[in-house]
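A quick write-up on the structure given underneath.
Atom set for the values below is all heavy atoms of this structure, side chains included, hydrogens, waters and symmetry mates excluded. Chain naming here is simple, since letters A, B, ... match the order of the sequence lines and numbering starts at 1 in each.
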Amino acid sequence: NAGVTQTPKFQVLKTGQSMTLQCAQDMNHNSMYWYRQDPGMGLRLIYYSASEGTTDKGEVPNGYNVSRLNKREFSLRLESAAPSQTSVYFCASKTGGAFFGQGTRLTVV
Amino acid sequence: SQKIEQNSEALNIQEGKTATLTCNYTNYSPAYLQWYRQDPGRGPVFLLLIRENEKEKRKERLKVTFDTTLKQSLFHITASQPADSATYLCALLTTDSWGKFQFGAGTQVVVTP
(Lines give C-alpha, C1' and ligand atoms only; values in the text may rest on other atoms or scores of the structure.)
Protein backbone atom coordinates (compact mmCIF):
# COMPACT_ATOMS: atom_id res chain seq x y z
CA ASN A 1 0.00 0.00 0.00
CA ALA A 2 1.92 3.03 -1.29
CA GLY A 3 -0.41 5.77 0.03
CA VAL A 4 0.34 9.04 -1.78
CA THR A 5 3.08 9.02 -4.41
CA GLN A 6 4.58 12.19 -5.85
CA THR A 7 6.94 12.52 -8.77
CA PRO A 8 9.51 13.85 -9.25
CA LYS A 9 11.20 14.18 -5.85
CA PHE A 10 13.58 16.91 -7.02
CA GLN A 11 13.52 19.30 -9.96
CA VAL A 12 15.47 22.32 -11.12
CA LEU A 13 13.83 24.57 -13.70
CA LYS A 14 14.92 27.67 -15.51
CA THR A 15 12.68 30.72 -15.33
CA GLY A 16 9.95 30.42 -17.92
CA GLN A 17 10.06 26.65 -18.26
CA SER A 18 6.98 24.56 -17.61
CA MET A 19 6.51 21.30 -15.77
CA THR A 20 3.88 19.07 -14.25
CA LEU A 21 4.06 17.57 -10.79
CA GLN A 22 2.33 14.23 -10.59
CA CYS A 23 0.42 12.82 -7.63
CA ALA A 24 -1.39 9.53 -7.24
CA GLN A 25 -3.14 7.95 -4.27
CA ASP A 26 -4.30 4.38 -3.83
CA MET A 27 -6.59 4.86 -0.83
CA ASN A 28 -9.78 5.61 -2.81
CA HIS A 29 -10.06 9.09 -1.27
CA ASN A 30 -12.30 11.68 -2.86
CA SER A 31 -10.45 14.77 -1.59
CA MET A 32 -7.00 15.68 -2.85
CA TYR A 33 -4.84 18.74 -2.24
CA TRP A 34 -1.72 20.53 -3.39
CA TYR A 35 0.25 22.56 -0.85
CA ARG A 36 3.51 24.45 -0.98
CA GLN A 37 5.74 24.81 2.05
CA ASP A 38 8.18 27.66 2.50
CA PRO A 39 10.40 28.37 5.52
CA GLY A 40 8.52 30.27 8.21
CA MET A 41 5.25 30.22 6.27
CA GLY A 42 3.99 26.74 6.86
CA LEU A 43 1.85 24.84 4.39
CA ARG A 44 -0.22 26.97 2.04
CA LEU A 45 -3.03 25.51 -0.04
CA ILE A 46 -2.64 25.95 -3.79
CA TYR A 47 -5.57 23.93 -5.13
CA TYR A 48 -8.09 21.47 -3.83
CA SER A 49 -10.23 18.80 -5.47
CA ALA A 50 -13.28 17.47 -3.66
CA SER A 51 -13.86 14.72 -6.22
CA GLU A 52 -13.03 13.61 -9.72
CA GLY A 53 -13.76 16.43 -12.15
CA THR A 54 -13.89 19.22 -9.59
CA THR A 55 -11.17 21.65 -8.51
CA ASP A 56 -11.13 24.78 -6.39
CA LYS A 57 -8.57 27.48 -5.73
CA GLY A 58 -6.81 27.67 -2.43
CA GLU A 59 -4.83 30.44 -0.80
CA VAL A 60 -2.06 30.80 -3.43
CA PRO A 61 -3.30 29.58 -6.86
CA ASN A 62 -1.64 32.18 -9.10
CA GLY A 63 0.84 30.68 -11.54
CA TYR A 64 -0.53 27.15 -11.17
CA ASN A 65 -3.10 24.94 -12.83
CA VAL A 66 -4.39 21.54 -11.78
CA SER A 67 -6.08 18.54 -13.32
CA ARG A 68 -8.02 15.87 -11.48
CA LEU A 69 -7.52 13.20 -14.11
CA ASN A 70 -9.44 10.52 -12.24
CA LYS A 71 -10.06 9.57 -8.64
CA ARG A 72 -6.44 8.50 -8.13
CA GLU A 73 -4.50 11.27 -9.82
CA PHE A 74 -4.22 15.00 -9.22
CA SER A 75 -1.53 16.89 -11.12
CA LEU A 76 -0.13 20.39 -10.64
CA ARG A 77 1.22 22.35 -13.60
CA LEU A 78 3.51 25.34 -13.64
CA GLU A 79 3.08 26.94 -17.06
CA SER A 80 5.91 29.48 -16.78
CA ALA A 81 8.06 28.91 -13.72
CA ALA A 82 9.26 31.87 -11.67
CA PRO A 83 11.89 32.01 -8.90
CA SER A 84 9.07 32.77 -6.43
CA GLN A 85 7.79 29.26 -7.08
CA THR A 86 10.91 27.72 -5.55
CA SER A 87 9.44 25.65 -2.76
CA VAL A 88 8.63 22.19 -1.50
CA TYR A 89 5.34 20.94 -2.92
CA PHE A 90 3.18 18.40 -1.15
CA CYS A 91 0.24 16.47 -2.45
CA ALA A 92 -2.27 15.04 0.01
CA SER A 93 -5.44 13.01 0.00
CA LYS A 94 -7.92 12.93 2.82
CA THR A 95 -10.67 11.21 4.62
CA GLY A 96 -10.65 12.48 8.18
CA GLY A 97 -6.93 13.00 8.56
CA ALA A 98 -4.83 13.76 5.49
CA PHE A 99 -2.12 11.56 4.03
CA PHE A 100 0.80 13.38 2.44
CA GLY A 101 3.30 12.43 -0.20
CA GLN A 102 7.03 12.80 0.33
CA GLY A 103 7.15 16.12 -1.44
CA THR A 104 8.77 17.60 -4.53
CA ARG A 105 11.65 20.00 -3.99
CA LEU A 106 11.50 22.50 -6.82
CA THR A 107 14.14 25.12 -7.52
CA VAL A 108 13.57 27.76 -10.19
CA VAL A 109 16.72 29.57 -11.27
CA SER B 1 -8.69 38.03 8.25
CA GLN B 2 -8.41 34.39 9.24
CA LYS B 3 -5.32 33.27 11.11
CA ILE B 4 -3.97 30.10 12.66
CA GLU B 5 -1.10 30.79 15.04
CA GLN B 6 1.40 28.44 16.59
CA ASN B 7 4.38 29.39 18.70
CA SER B 8 7.27 29.94 16.29
CA GLU B 9 9.89 29.44 19.00
CA ALA B 10 11.21 25.92 19.39
CA LEU B 11 10.15 24.09 22.52
CA ASN B 12 13.12 22.50 24.25
CA ILE B 13 12.15 19.90 26.80
CA GLN B 14 13.82 17.25 28.87
CA GLU B 15 13.04 13.59 28.28
CA GLY B 16 10.20 12.36 30.46
CA LYS B 17 8.54 15.75 30.79
CA THR B 18 5.27 16.82 29.17
CA ALA B 19 5.46 19.05 26.11
CA THR B 20 2.49 21.36 25.58
CA LEU B 21 1.92 23.12 22.27
CA THR B 22 -0.66 25.79 21.48
CA CYS B 23 -2.72 26.44 18.37
CA ASN B 24 -4.80 29.63 18.35
CA TYR B 25 -7.15 30.71 15.60
CA THR B 26 -9.17 33.80 14.75
CA ASN B 27 -12.18 34.44 12.53
CA TYR B 28 -12.89 30.79 11.85
CA SER B 29 -15.99 28.70 12.47
CA PRO B 30 -14.26 25.39 13.12
CA ALA B 31 -15.67 22.03 12.16
CA TYR B 32 -12.64 20.15 13.39
CA LEU B 33 -8.97 20.54 14.12
CA GLN B 34 -6.11 18.19 13.35
CA TRP B 35 -2.55 17.76 14.56
CA TYR B 36 0.31 16.52 12.41
CA ARG B 37 3.94 15.64 12.95
CA GLN B 38 6.57 16.58 10.37
CA ASP B 39 10.14 15.35 10.31
CA PRO B 40 12.83 17.15 8.27
CA GLY B 41 12.56 16.37 4.57
CA ARG B 42 9.31 14.44 4.99
CA GLY B 43 5.63 15.11 4.50
CA PRO B 44 3.37 15.72 7.52
CA VAL B 45 1.94 12.67 9.25
CA PHE B 46 -1.57 12.78 10.70
CA LEU B 47 -1.75 12.26 14.46
CA LEU B 48 -5.13 13.27 15.89
CA LEU B 49 -8.43 14.85 14.91
CA ILE B 50 -10.80 16.58 17.33
CA ARG B 51 -14.25 17.86 16.42
CA GLU B 52 -15.70 21.18 17.53
CA ASN B 53 -18.10 19.47 19.93
CA GLU B 54 -15.36 17.42 21.59
CA LYS B 55 -13.32 18.73 24.51
CA GLU B 56 -10.50 16.19 24.59
CA LYS B 57 -9.00 13.35 22.57
CA ARG B 58 -6.24 10.94 23.52
CA LYS B 59 -4.01 8.59 21.60
CA GLU B 60 -1.29 6.76 23.50
CA ARG B 61 0.97 9.51 24.96
CA LEU B 62 -0.77 12.28 23.01
CA LYS B 63 -3.64 14.41 24.25
CA VAL B 64 -5.48 17.18 22.41
CA THR B 65 -7.97 19.66 23.83
CA PHE B 66 -10.21 22.00 21.87
CA ASP B 67 -11.80 25.10 23.39
CA THR B 68 -13.96 26.90 20.83
CA THR B 69 -14.69 29.70 23.32
CA LEU B 70 -11.00 30.50 23.70
CA LYS B 71 -10.42 29.61 20.02
CA GLN B 72 -7.55 27.41 21.08
CA SER B 73 -6.29 23.84 20.92
CA LEU B 74 -3.60 22.42 23.19
CA PHE B 75 -1.47 19.44 22.18
CA HIS B 76 0.30 17.49 24.91
CA ILE B 77 3.04 14.89 24.59
CA THR B 78 3.41 13.12 27.91
CA ALA B 79 6.54 11.24 28.99
CA SER B 80 8.36 12.79 26.04
CA GLN B 81 11.16 10.90 24.31
CA PRO B 82 13.97 12.06 22.01
CA ALA B 83 12.10 10.30 19.18
CA ASP B 84 9.28 12.83 19.66
CA SER B 85 11.58 15.59 18.37
CA ALA B 86 9.89 17.00 15.27
CA THR B 87 7.76 19.91 14.10
CA TYR B 88 4.10 19.71 15.02
CA LEU B 89 1.46 21.36 12.87
CA CYS B 90 -2.17 22.13 13.61
CA ALA B 91 -4.73 22.35 10.81
CA LEU B 92 -8.27 23.65 10.86
CA LEU B 93 -11.23 22.66 8.73
CA THR B 94 -14.02 25.18 8.95
CA THR B 95 -17.73 24.86 8.36
CA ASP B 96 -17.60 27.21 5.40
CA SER B 97 -14.37 26.03 3.76
CA TRP B 98 -15.91 23.37 1.50
CA GLY B 99 -13.39 20.73 2.53
CA LYS B 100 -10.29 22.91 2.44
CA PHE B 101 -8.17 22.99 5.55
CA GLN B 102 -5.59 25.52 6.62
CA PHE B 103 -2.34 24.88 8.50
CA GLY B 104 -0.47 26.75 11.14
CA ALA B 105 3.26 27.29 10.60
CA GLY B 106 4.18 24.65 13.17
CA THR B 107 6.19 24.45 16.39
CA GLN B 108 9.47 22.57 16.62
CA VAL B 109 9.89 20.31 19.63
CA VAL B 110 13.34 19.21 20.75
CA VAL B 111 13.49 16.52 23.43
CA THR B 112 16.88 16.08 25.05
CA PRO B 113 17.94 13.00 27.01
Notebook entry, point to check: Does A:Tyr35 reach the main-chain N or O of B:Phe103 with its side chain, forming a donor-acceptor pair under 3.5 Å?
Noted result: no
Check: Do B:Leu48 and B:Val45 share a hydrophobic cluster, counting only Ile, Leu, Val, Met, Phe, Trp and Tyr and linking them when any side-chain heavy atoms are less than 4.5 Å apart?
Finding: no
Margin query: Could you see if A:Val88 belongs to whatever hydrophobic cluster contains A:Val66? Use Ile, Leu, Val, Met, Phe, Trp, Tyr and a side-chain cutoff under 4.5 Å.
Written below: no
Next item on the list: Give the minimum heavy-atom separation between B:Leu49 and A:Gly97, together with the two atoms involved.
Entry: CD1-N, 4.2 Å
Notebook entry, point to check: Is the number of heavy atoms from other residues, nucleotides or ligands under 6.0 Å of A:Arg77 CZ greater than 12?
Noted result: yes
Notebook entry, point to check: Can you check whether A:Leu43's main-chain N or O pairs, donor with acceptor, with B:Gln102's side chain at less than 3.5 Å?
Noted result: no
Checklist line | CZ/B:Arg61: more than 12 non-hydrogen atoms of other groups inside 6.0 Å | finding: yes
Notebook entry, point to check: CG/A:Asp56 to NZ/B:Lys100 distance, rounded to the nearest 0.5 angstrom?
Noted result: 4.0 Å
Check: Under 4.5 Å between side-chain heavy atoms, hopping through other hydrophobics if needed: is there a path connecting A:Met32 to A:Phe90?
Finding: no
Check: Are A:Val4 and A:Tyr89 connected in the hydrophobic side-chain network, where two residues link if heavy atoms are under 4.5 Å apart?
Finding: no
Next item on the list: Identify which part of A:Arg105 has an atom lying under 4.5 Å from any heavy atom of chain B, answering side chain, backbone, both or neither.
Entry: side chain
Checklist line | Engaged part of B:Leu89 at the chain A interface, taking heavy atoms whose separation is under 4.5 Å | finding: side chain
Notebook entry, point to check: So which part of A:Lys57 gets closer than 4.5 Å to some heavy atom of chain B, the side chain, the backbone, both or neither?
Noted result: backbone
Next item on the list: Please check if B:Leu93 and A:Leu45 belong to a single hydrophobic cluster, counting links between Ile, Leu, Val, Met, Phe, Trp and Tyr side chain heavy atoms closer than 4.5 Å.
Entry: yes
Margin query: For chain B, which candidate among A:Gln6, A:Glu59, A:Gln37 shows the most heavy-atom pairs at distances under 4.5 Å?
Written below: A:Gln37
Check: Are the aromatic rings of A:Tyr33 and B:Phe101 close, with centres under 6.0 Å apart?
Finding: yes
